[in-house]
Amino acid sequence: MTSTTRLTAAQALVRFLAAQYTERDGVRRRLIGATWGIFGHGNVAGLGQALVEYGDLMPYHQGRNEQSMVHAAVGYARQSNRLSTHAVTTSIGPGATNLVTGAALATINRLPVLLLPGDVFATRPADPVLQQLEVPHAGDVSVNDCLRPVSRYFDRITRPEALIPSALQAMRVLCDPVDTGAVTLALPQDVQAEAYDWPEDFFAERTWRVRRPGPDPVELAAAVHAIRAARRPLVVAGGGVHHSRAEDALAELAESTGIPVASTQAGKGSLRWDHPQDVGGIGHTGTATADQLARTADLVIGVGTRYTDFTTASGTLFTGAGVRFLNLNIAPLDSHKLSGLPLVADARGALEELTEALLLHEHGVDPAYVAEYTQDKERWEQRVDACFEAGDPDVRPTQPQLIGALDAVVDETDIIVNAAGSLPGDLHRLWRTRSRDQYHLEYGYSCMGYEIPAAIGVKMAAPDRPVWALVGDGTYLMMPTEIVTAVQEGTAIKLVLVQNHGYASIGGLSESVGAERFGTAYRFRSEDGAYTGAPLPVDLAANAASLGMRVLRAKTVRDLRACLAEARDADTPTCVYVETETADTLSGAPPAQAWWDVPVAETATRSSAVKAREEYDRHVSTRRRHL
Ligand SMILES: Cc1ncc(C[n+]2csc(CCOP(=O)(O)OP(=O)(O)O)c2C)c(N)n1
Ligand SMILES: [Mg+2]
């Protein structure tokens, strides 16, 4: 007879999670490193009690907001190369639905996170309970059903023993390099506290091998053939290069063939910025070098990329005559995009096989092609130098100068975290990535508020490395609360808080699409009713200090350099607050090198919109469908 242990469903889940491991390339690590939680009646007596009962098995972190707990878990998971993540437990109702944004972010970025929202009673002793949604036509719907479309696996555990198969499926999905994303086990509050006689084997240590599937020989042969036939090939490196830890394999392919490598937001850092074949970011926020190569490429080799609209300039970037795509991706969904030749495989192994096959043929691109992009890259780097430089160090910095000042204090150990605003574009174009995982941009969901909690998660995964959250004022106001968590846990994140009194990014976009910066500045209302008055007298530096951060205020470029250097040495959570110069003419940043489709009003009375529409129609006419 199998021996059993009598535990509540919540206790069993905690013991189960503490015994799960991943293994890849001979390295074994815990799958669920810790659990974040905010307690309410939906989880306090269930998972809350279980976490205190098994405090020795499962580390716990207190968060301030359910969404930001997911961001922290996601930051941790990405920094852990998807081999380890955190769980997040919430109450029912608002605590649970606060997870939805975080879940979407995790799933879109293909990063594993385990969500454990409480749910309404399975036994329905009193209907409705506090915070229960009543759906007149369906008795089995709860607010947690909002998590279904944003989860890669969803289950509601309405009997304790149903946890056994479901928990195993949940682990399978978390560890699957194709399927991974948010995994949700909704836990009715009565079931969490209900006892069951669990088979001991359920709690045995289990190791989930994260697979590296090799390429199909026919697909590989076709890929080699396509590369050998190409005169102007270009690699587009996406996040999959990092997830697979394929950076060295990609460098070897690039070095041995001379094929240049451009990168998406998620793929930046695949090669170091000063690697001869690195041509920087691609697409709407790309470098002139990469975008020019993209326009004339005859073969685009996507490696681990989803080809979002930012990468393809909304379908207008890859315009070379007869351009074709070769898509190395572990996910069949991505490998078939843009009617490409699919090469469905783990990036690292497949890149190694490609390199080997190409070496046999002594394949290399034309030296004239190498000379062309090398010179182009030199010219681009001079532009970057120019906008980093400060003519007068005693005035307010521009945003590129801020990036330049940060560039000057970091080394290859620093990690920068960012997601939304005008920084992602500037960073994609300008940042000089020094190590494979230095550039942590969440641009799948580009979620304002990701940065601070994610930096905490990154720092938990890389405690010895300086971790910088780069945050605009709008983003700060959306989600500053996890600063308290960093202070509480002694997580010495660094925050660069950029004050420009509103949404510089969306303001600029608004102007370009004929919406006249409407609703994008943080200013008082003027007599005419618009927000065009003086900037609001908010002091975000004082706000960060009030939450417990050490705050250094920088007024000039010179100050900023000193403050960043001081913050870098700090071993407590430290904020560098800086007001930036907003006049676009002074910023010196290179403009967008490629388009992005944001539809403009087809009819309007205001001339700004009419003009913007003419420009829009011109761009639309350049779109290519790759069939
Ligand atoms: C949660 C969320 N809401 C709205 C948006 C749309 N959005 C993108 S950038 C931005 C403004 C960001 O402002 P700020 O952080 O001050 O950065 P800035 O644009 O000034 O650089 C907005 C509203 C978003 N990305 N995420
Ligand atoms: Mg701003």
Side-chain angles (χ1 to χ4, degrees), residues 65-71 74 97-109 150 265 284-285 308-310 396-403 406 416-431 441-455 468-483 495-513 515 517-523 531 535-541 543-544 575-584 586-589 591-592 596-598:
N65 172 297
E66 290 81 2
Q67 179 187 323
S68 59
M69 293 196 292
V70 187
H71 295 335
V74 166
T97 49
N98 268 357
L99 293 173
V100 173
T101 300
L105 182 151
T107 293
I108 286 169
N109 285 286
V150 288
Q265 287 278 17
H284 177 60
T285 52
T308 73
D309 60 348
F310 265 67
R396 259 203 319 228
T398 62
Q399 190 158 284
Q401 285 166 352
L402 181 155
I403 294 170
L406 188 60
I416 60 166
V417 182
N418 181 243
S422 58
L423 275 162
D426 284 355
L427 289 167
H428 197 209
R429 267 188 289 271
L430 305 176
W431 186 259
L441 248 288
E442 186 285 292
Y443 216 62
Y445 211 40
S446 186
C447 181
M448 291 167 74
Y450 174 76
E451 295 87 345
I452 296 172
W468 303 81
L470 311 186
V471 171
D473 55 316
T475 296
Y476 179 85
L477 283 170
M478 202 163 288
M479 198 160 271
T481 43
E482 288 326 299
I483 286 176
L495 171 61
V496 180
L497 174 44
V498 185
Q499 172 63 281
N500 58 18
H501 304 287
Y503 304 160
S505 51
I506 306 298
L509 177 63
S510 172
E511 192 166 319
S512 74
V513 297
R517 295 191 174 253
F518 182 76
T520 59
Y522 286 167
R523 290 173 177 273
Y531 296 122
L536 302 181
V538 292
D539 186 343
L540 298 182
N543 185 279
C575 168
V576 175
Y577 172 88
V578 61
E579 194 153 335
T580 50
E581 179 56 63
T582 49
D584 289 344
L586 290 179
S587 124
W596 181 42
D597 186 347
V598 176

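Order of appearance sets the numbers: ligands from 1, and atoms from 1 within every ligand.
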- Query: For Ala504 and ligand 1, does the shortest N/O to N/O distance drop below 3.5 Å?
  - Reply: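 Yes, since at least one N or O of Ala504 sits under 3.5 Å from an N or O of ligand 1.
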- Message: I'd like to know: is the Mg ion (ligand 2) within the 2.8 Å range of an N/O/S atom from Thr475, strictly under that distance?
- Response: no
- Near the Mg ion (ligand 2), is there an N/O/S atom from Gly502 that is less than 2.8 Å away? yes
Are [X] and [Y] side-chain neighbours, meaning at least one heavy-atom pair lies under 4.5 Å?
X      : Y      : value
Leu406 : Leu470 : yes
Leu402 : Val496 : yes
Val417 : Tyr450 : yes
Ile452 : Ile483 : yes
Leu441 : Trp431 : no

- Name of whichever N/O/S atom of Asp473 is nearest to the Mg ion (ligand 2): OD1
- Go through Leu477 and Leu540 one step at a time and tell me if the side-chain contact (heavy atoms from CB on, under 4.5 Å) criterion holds. CA-CA 8 Å; Leu477 283 170; Leu540 298 182; 3.7 Å; yes
- Item | Side-chain donor-acceptor contact under 3.5 Å, Glu451 with Thr475 |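 Note: Glu451 and Thr475 side chains miss the donor-acceptor criterion.
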- Task: Mark up the atoms of ligand 1 that fall under 4.0 Å of a heavy atom belonging to Ser505, in ascending order.
- Result: 9 (S), 10 (C), 11 (C), 18 (P), 19 (O)
- Using a strict 4.0 Å cut-off to heavy atoms of Ser422, name the atoms of ligand 1 that fall inside it. 18 (P), 19 (O), 21 (O)
- Message: Checking contacts here: is it the side chain or the backbone of Thr475 that comes within 4.0 Å of ligand 1, counting heavy atoms only? Could be both or neither.
- Response: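 Within the 4.0 Å criterion, Thr475 contacts ligand 1 through backbone and side-chain atoms alike.
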How far is [atom] from its nearest protein heavy atom, and which residue and atom is that?
atom                    : result
atom 14 (P) of ligand 1 : Gly474 N, 3.5 Å
atom 13 (O) of ligand 1 : Tyr503 CD2, 3.3 Å
atom 8 (C) of ligand 1  : Ile506 CD1, 3.7 Å
atom 17 (O) of ligand 1 : Gly421 CA, 3.6 Å
atom 6 (C) of ligand 1  : Met448 SD, 4.2 Å
atom 25 (N) of ligand 1 : Ser446 O, 2.8 Å
atom 1 (C) of ligand 1  : Met478 SD, 3.5 Å

- Decide if atom OH of Tyr531 counts as having more than 12 heavy atoms of other residues, nucleotides or ligands within a radius under 6.0 Å.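 Not buried by this count: 12 neighbours or fewer within 6.0 Å.
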- Item | Test of ring centre spacing under 6.0 Å for Tyr522 and Tyr503 | yes
- Query: For ligand 1, is Gly502 a contact, meaning one of its heavy atoms is under 4.0 Å away?
  - Reply: yes
- Task: May I ask you to decide if the ring planes of His284 and Trp596 are parallel, tilted or perpendicular, using 30° and 60° as cut-offs?
- Result: tilted
